Amino acid sequence: MKKRIHQIDLFRKYPHEVQNELFSHLINTAKGTEWGQKFGYADKLSVREFQERVPISAYEDLYPYIERVMKGEQNLLWPSKVEWFAKSSGTTNARSKFIPVTPEALEECHYKGGKDMLSIYANNYPETKVFSGKALSIGGSHHPNDFNSNTRCGDVSAVIMQNLPIWAEVMRTPPLKVALMDKWEEKIEKMVEICAKENVTSISGVPTWTYVLLNRMLETYGKQDITEIWPNLELFVHGAVAFGPYRELFRQLIPSEKMKYLEVYNASEGFFGIQDEPGLLDEMLLMLDYGVFYEFIPIEQAEEEHPQALTLDQVELGRNYALLISTNAGLWRYKIGDTVKFTSLSPYRIKISGRTKHFINAFGEEVVVENAETAITKACAATGATITNFTAAPVYFEGKSRGGHQWVIEFSRQPSSLETFTRVLDQTLREVNSDYDAKRQKDLALQAPLVTVAPHGAFLNWLEYKGKLGGQHKVPRLANNREYLEEILQVNQLS
């Protein structure tokens, strides 16, 4: 671990050299692939030539290649054999998207990130006892690929767990057969039963599911807080959703002065950042030697056909950028959908500032505008309703109540049944978004949506209040916080 800290210090000191060397390695490795031959990677491209030749890609642009890989073709985007695909939501043309996970991506990115977060933590806290007990990890599940049963698809956490070396598996709980169960309610109950008997010193997972698990622990064993079950718990590694709304909830669940929190930026597409300074909440060190070459599009150009993509040496403090990655999984100039803001340029630290489109991802559900509009349309068709406007935002956990979404909707024609409208809205979201569906199973993490009917003119009242009547000003369809929605409720005196 100490050796690795020296390597991290190296890319802190020489960030541009490390990224340029990595870029050359990626291009050289992929020059014989179908993609590499199409864009002349054998010409030993410079970064500038690469940017001129290779188009910026959304998932839909790469999908024809990914589909062929899923059907068994190889050497299309990356030369290594692809046997795993990380599944996540967010695509506009399908329920889920499938990201190739190559052996290099597993070893040099995802696993390296997992080891580095412990290295950084131990370096910050040399007296840690985190290695004296078990690491509890809450994973997803995986299943055979529909196109090719010799390969498998699943949550990136499940892909990682299934491929862990034996020594790492010994250090974690629950056993793999429980960790990868696909029925969440049964999985939670099994975890409560098994993990309570272990000396758990660290937890890693999405705050949503971790909160559900910890509450179930307290209910099952009649305890007031988690330290009564795991007195040596000292670390929670969290990512995927903003931790702000959860911070106080976890402090109440784990009222221990020795408890530490570490944020990481990991996604199906790769592992990108780790909180390296304990006091810098929401800020993470950009990891530069993980087989990922980074570019950054100024947010105001994000939706342009030919935006200017900047390399690391061109970014500025405090500006929002859409993140663009080229990786050792064969994702080339891939627009991941996240926006980041640099909080430091020496070393390079970032904070996740949002998404390139409106969305709700307070609980890992990744509901995008396309999902919302599809669901609203079906709910209207089922109940004869028409709408003037709508917006939606999260309802955060409070006490032991589950989280959820609140929809404020102004109807021009009321639905024949608000109950039916809400049910169809919810069911359609579950059909078009697999992450939302997982959170809604048995109301484990998300309750059914709450629909608030707004009076005629409610959204115009809010636009007027904001001084945004007329022009191209619009009501945000979705927001990942309650700011807009609370203002709309307040302006219109809605409860």
Side-chain angles (χ1 to χ4, degrees), residues 3-26 46-48 50-51 56 105 108-110 112-121 123-124 237-240 242-243 261-267 269-302 307-328 331 333-356:
K3 180 181 177 183
R4 178 57 188 157
I5 291 297
H6 289 308
Q7 294 171 342
I8 291 172
D9 286 339
L10 189 68
F11 76 65
R12 288 173 188 256
K13 191 173 181 181
Y14 302 105
H16 310 133
E17 291 84 350
V18 168
Q19 275 281 281
N20 287 335
E21 185 178 328
L22 190 149
F23 167 79
S24 297
H25 174 71
L26 290 175
S46 67
V47 170
R48 184 173 179 179
F50 172 72
Q51 291 176 326
I56 291 170
E108 298 168 20
C109 188
H110 291 290
K112 200 171 184 178
K115 288 182 277 192
D116 280 357
M117 70 189 187
L118 291 173
S119 299
I120 287 170
Y121 178 75
N123 188 60
N124 286 333
V237 180
H238 59 87
F243 192 57
Y261 297 89
L262 181 73
E263 184 171 9
V264 295
Y265 182 8
N266 60 330
E269 295 86 353
F271 201 122
F272 308 126
I274 301 173
Q275 181 184 351
D276 64 323
E277 291 289 342
L280 297 179
L281 301 182
D282 304 323
E283 296 184 31
M284 289 167 283
L285 181 70
L286 187 64
M287 308 307 286
L288 301 179
D289 62 350
Y290 281 11
V292 180
F293 178 72
Y294 296 100
E295 296 175 78
F296 306 89
I297 301 173
I299 192 61
E300 60 272 15
Q301 299 181 34
Q308 178 191 19
L310 309 177
T311 48
L312 199 58
D313 58 317
Q314 297 173 305
V315 299
E316 299 174 23
L317 276 178
R319 291 191 67 184
N320 273 313
Y321 296 101
L323 186 60
L324 207 60
I325 58 173
S326 296
T327 78
N328 52 11
L331 301 177
R333 307 200 77 201
Y334 179 78
K335 193 156 56 171
I336 190 172
D338 289 339
T339 61
V340 299
K341 186 181 290 187
F342 283 88
T343 60
S344 167
L345 300 182
S346 182
Y348 284 101
R349 287 198 188 95
I350 57 169
K351 66 187 301 183
I352 302 170
S353 53
R355 298 280 289 176
T356 53

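Predicted, not measured: the structure shown is a model, and the values here were computed from it.
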Tell me whether Gln275 contacts the main-chain N or O of Pro278 through its side chain, where contact means a donor paired with an acceptor under 3.5 Å. yes
Starting from the C-alpha separation in whole Å, work towards a yes-or-no answer on side-chain contact (heavy atoms from CB on, under 4.5 Å) for Leu324 and Phe296. CA-CA 6 Å; Leu324 207 60; Phe296 306 89; over 6 Å; no
Test item: Arg333 side-chain N/O and Gln51 main-chain N/O as donor-acceptor pair under 3.5 Å: yes
Looking at Asn328 and Ala105, what are the two nearest heavy atoms and their distance? OD1-CA, 3.5 Å
Gly270 versus Cys109, closest heavy-atom pair with distance: CA-SG, 3.8 Å
Between the main-chain N or O of Gln308 and the side-chain N or O of Gln301, is there a donor-acceptor pair closer than 3.5 Å? yes
How close do Ser346 and Ser344 get, heavy atom to heavy atom, and via which atoms? N-OG, 3.3 Å
Taking C-beta and beyond as the side chain, do Ile56 and Ile297 meet within less than 4.5 Å on heavy atoms? yes
Do the non-hydrogen side-chain atoms of Lys351 and Met284 ever get within less than 4.5 Å of each other? no
Check: Ile350 and Tyr265 side chains under 4.5 Å, non-hydrogen atoms: yes
With rounding to the nearest 0.5 Å, note down the distance linking CZ in Phe293 to CG in Leu312. 8.5 Å
Please evaluate residues Leu22 and Leu288 with respect to the criterion side-chain contact (heavy atoms from CB on, under 4.5 Å), reporting the C-alpha separation (whole Å), side-chain torsions for both, the decisive distance (0.1 Å), and the verdict. CA-CA 9 Å; Leu22 190 149; Leu288 301 179; over 6 Å; no
Rounded to the nearest 0.5 Å, how far does CG of Leu345 lie from CG of Leu317? 4.0 Å
Those residues that, when tested against Tyr348, pass side-chain hydrogen bond (donor to acceptor under 3.5 Å, both in side chains) (two or more places apart): His16
Between NZ of Lys3 and OG of Ser119, what distance do you get to the nearest 0.5 Å? 12.0 Å
Measure the shortest side-chain to side-chain distance between Glu316 and Tyr321 over non-hydrogen atoms and say whether it is less than 4.5 angstrom. yes
How many angstroms lie between atom CE of Met287 and atom CD1 of Ile120, to the nearest 0.5 angstrom? 4.5 Å
Could you grab the distance from atom CZ of Phe271 to atom NZ of Lys112, nearest 0.5 Å is fine? 12.0 Å
Identify, with sequence neighbours excluded, every residue that meets side-chain hydrogen bond (donor to acceptor under 3.5 Å, both in side chains) alongside Glu283. Thr343
Side-chain heavy atoms of Glu21 within contact of Tyr14, under 4.5 Å: no
Could you tell me whether the side chain of Arg12 reaches within less than 4.5 Å of the side chain of Ile8, counting heavy atoms only? yes
Below 4.5 Å, heavy atoms only, C-beta onward: do Tyr290 and Asp116 meet side chain to side chain? yes
Minimum heavy-atom distance between Ile299 and Thr339, given as atom pair plus value: CD1-CG2, 3.4 Å
Before you tell me yes or no, could you show the steps for Tyr261 and Leu281 under side-chain contact (heavy atoms from CB on, under 4.5 Å), namely the whole-Å CA-CA distance, both residues' side-chain angles and the distance that decides it to 0.1 Å? CA-CA 9 Å; Tyr261 297 89; Leu281 301 182; over 6 Å; no
Salt-bridge contact Asp289-Arg4 (side-chain N to carboxylate O under 4.0 Å): yes
Give a yes or no answer on whether the side chain of Asn266 reaches the backbone of His110 with a donor-acceptor pair at less than 3.5 Å. no
Under a 3.5 Å threshold, yes or no: a donor from one side chain and an acceptor from the other, between Thr311 and Gln314? yes
Drop me the distance from Ile325's CD1 to Leu331's CG, to the nearest 0.5 angstrom. 5.5 Å
Under 4.0 Å between a Lys/Arg side-chain N and an Asp/Glu carboxylate O for Lys335 and Glu269? no
So, do Phe11 and Leu285 sit near enough that their side-chain heavy atoms are less than 4.5 Å apart? yes
